[in-house]
Amino acid sequence: MAEQLGDLTRTHTCGALRPEDVGADAVLLGWVHRVRDLGGLLFVDIRDRAGITQIVFDKDDEALMAKAKRLRSEFVIGAAGHVRRRSAETVNPKLPTGEVEIVVRRLVLLNEAKTPPFTIADETPVSEDVRLKYRYLDLRRAQLQANMGLRHRVTMVIRRYFDAHGFWEIETPILTKSTPEGARDYLVPSRVHPGEFYALPQSPQLFKQILMIGGVDRYVQICRCFRDEDLRADRQPEFTQVDVEMSFARPETIFGMIEPLMREVFAVIGREIATPFQRMAYADAMARYGSDKPDLRPGMPIQDIRELFRASSFRVFRDIVANGGTVRGFVVPDAAGYSGTEVRALEDEAKSLGATGLVWARRAADGAITSSVMKALGEPAVAQLLEATGVQPGGLLLVVAGEPDTASKLLGQLRLNVARRKGLLKPDDYAFAWVVDFPLLAWDAGEQRYVSMHHPFTSPHEDDIGRLEAEPAEVRAKAYDLVLNGSEIGGGSIRIHDADLQRQIFSLLNISADEAKLRFGFFLDALEYGTPPHGGIALGLDRLCAILTGESSIREVIAFPKTAAAVDPMSDAPSPVDPKQLRELHLAIKR
RNA sequence: GGGGUGGUAGUUCAGUUGGUUAGAACGCCGGCCUGUCACGCCGGAGGCCGCGGGUUCGAGUCCCGUCCACCCCGCCA
């Protein structure tokens, strides 16, 4: 049934024709978007990546009309004819091509199509399940077309930017060596070496550092990374990083390179962003926002109000403070509309997040003061509390007491929930921050040892190197995250370029010299041959594009994403393999 | 591994306290229609109510189990 393309040559895309083309001959190739059959007159919207153009058939040409009547949604057609200006009443202002149409002289039916499981032509929501199974159809829809197009343009801006600044894009291996620290590796069995495995890279970390040792000076790669961990809306087992490394870099060197890049990237969506970005110490982020990736859009920082309770008549809080705990809270402005029921709902919410309780105090629009602890504290103390935290009329103060880290994390969650409900997380507001001064190490209670907060190659802050042995938990790292709207869109560090220091860090991490040699020997060797100071960053391209498109999941900016169970419903990966393949790989499946 | 939400026509959904023949819209199929553009009008087909078990005279609805999807916690240096 399908006809061949033959000599049919596209003259215009389906988004190209304008009044100045009137009278020209045109050949359009594309999909049937919609058919409007009026009997003796039939309109087809023909669609390709560039747009939609109306083509017209009328009954004067009986054979042509008969053929046109067979057209259905998503058939692939070629239409040749001449461009005609539409009369004033029939112009479609919704289409860029709406002032013209094509009077078809020749219709080629390049392919038929089964009725698609969902409509390509409109934006009606379809379950993600179905969309992923028929991803090739979903990709035809406007949303993914726009997202893929934007991602392409962003990628091009990034490549041009780094090229203009003297970076070389260099590919690093996909089949690489498994390293013990960090996320779970995806493993690839070696056929040639029975019982041995490659790992897919979690990031090209060591290779890019070795490129610095190799004198590359400035490296960039838009590369795929793999981590076998559980998925989230912003996490896929394979994801794309803009991987960057610079020799002779200080943190400011990296910030100064990335901030103008972000300006160019946001120009793609027509937005001007302010630089430099705010810098915030990790400790401040945790204390004021309860998160190492604070969303700065809603304001409402968490305040430490412990001192107000040290000698308070409210015994519960006083005891918590006396025992090294804290009292923290944040102010919801314009909360006059919150009913008693809604405030009680907040109390329940806090409890479900793990709080023992939630204390609130508010100043009504008329200035009247109420509080859940009015009796215990007394009105003057509540007034003082509202004063100290800056609660204006109509404002609501939410307070949690307990262990400092827990209290802040909990308030951070509550703050985001409140902000979301108040509509304060506007997707087209962009609040950037560099989170700096991360701790170098974190104590792993399960393994009873220190682990790297970032990775083992991160340089300690030079002022803190002397404290490595005595108080390792206090040592700050020369590490930084780029945070945008509560999303970590990048992270990096200045690396250790001194082999002795690197050995010292491994020893702190309880990685023996033998173990280090086994896992990172090649890298430790390389470090000894004149390693320049260097550092870099990796940007999460998927997350960045999700924010640019206003999507809440990175799956919307990935052509072929996987489900939360790491399955591709289209290709049905992963799947069992032929026993012969297993034998060649010296593998047996344990059941 | 844990918690939450959902699964009914091709799609998106409704379905009362457990009650007799499970509905709507869009899509699909057929017919009519010469200026539509979400065309319109008329007619029609289409259902393992995710799957398995149980309670009951009777289950889309209640119970148990299970699978799938999404969100969150753990995990993600």
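Residue numbering restarts at 1 for every chain, and letters A, B, ... go by the order of the sequence lines. Keep in mind that the numbers below use all heavy atoms, side chains included, and drop hydrogens, waters and symmetry copies.
Q54(A) comes within 4.0 angstrom of a nucleotide base, judged by non-hydrogen atoms across all strands. Looking at heavy-atom distances under 4.0 Å, R72(A) makes contact with sugar-phosphate atoms alone, never a base. The residue A565(A) sits close only to the backbone: its heavy atoms come under 4.0 Å of sugar-phosphate atoms, none of a base. Within 4.0 Å (heavy atoms only), V451(A) reaches no atom of the nucleic acid at all.
Here F118(A) does not lie in a stacked arrangement on the base of U11(B), lacking the combination of planes under 30° and ring centres under 5.5 Å apart.
Rounded to whole Å, the C1' atom of U20(B) lies 27 Å from the corresponding atom of A25(B). A distance of about 12 Å separates the P atoms of G7(B) and U61(B), rounded to the whole Å. Separating the C1' atom of G58(B) from that of G18(B) is a span of 8 Å, rounded to the nearest Å.
Pairing for A24(B) goes to U12(B), judged as Watson-Crick or G-U wobble with the two contacts each under 3.5 Å. The partner of C70(B), taking Watson-Crick or G-U wobble pairs whose two distances both stay under 3.5 Å, is G4(B). Look at A38(B): it lacks any Watson-Crick or wobble partner with both distances under 3.5 angstrom. Both distances falling under 3.5 Å, in either a Watson-Crick or a G-U wobble arrangement, place G43(B) opposite C29(B). Within the shown strands, G19(B) is the pairing partner of C57(B) under the Watson-Crick or G-U definition, both distances less than 3.5 Å.
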Any chance you could lay out the ring pair (Phe, Tyr, Trp, His ring centres under 6.0 Å) test for Y480(A) and F255(A), step after step, and finish with the verdict? CA-CA 9 Å; Y480(A) 32 82; F255(A) 301 167; 5.2 Å; yes

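Between G27(B) and S73(A), no contact under 4.0 Å exists linking OP1 or OP2 to a side-chain N or O.
Contact between D568(A) and P561(A) at its shortest, heavy atoms only, is OD1-O, 4.4 Å.
Taking the six-membered ring where the residue is Trp, H455(A) and F457(A) present tilted rings, their angle falling between 30° and 60°.
Taking the charged nitrogens against the carboxylate oxygens, D234(A) and R232(A) have no contact shorter than 4.0 Å, which rules out a salt bridge. Salt-bridge annotation for K478(A) and E462(A): present, with a side-chain N of the basic residue lying under 4.0 Å from a carboxylate O of the acidic one.
Residue whose closest nucleotide on RNA chain B sits further toward the 5' end, between V130(A) and G40(A): V130(A).
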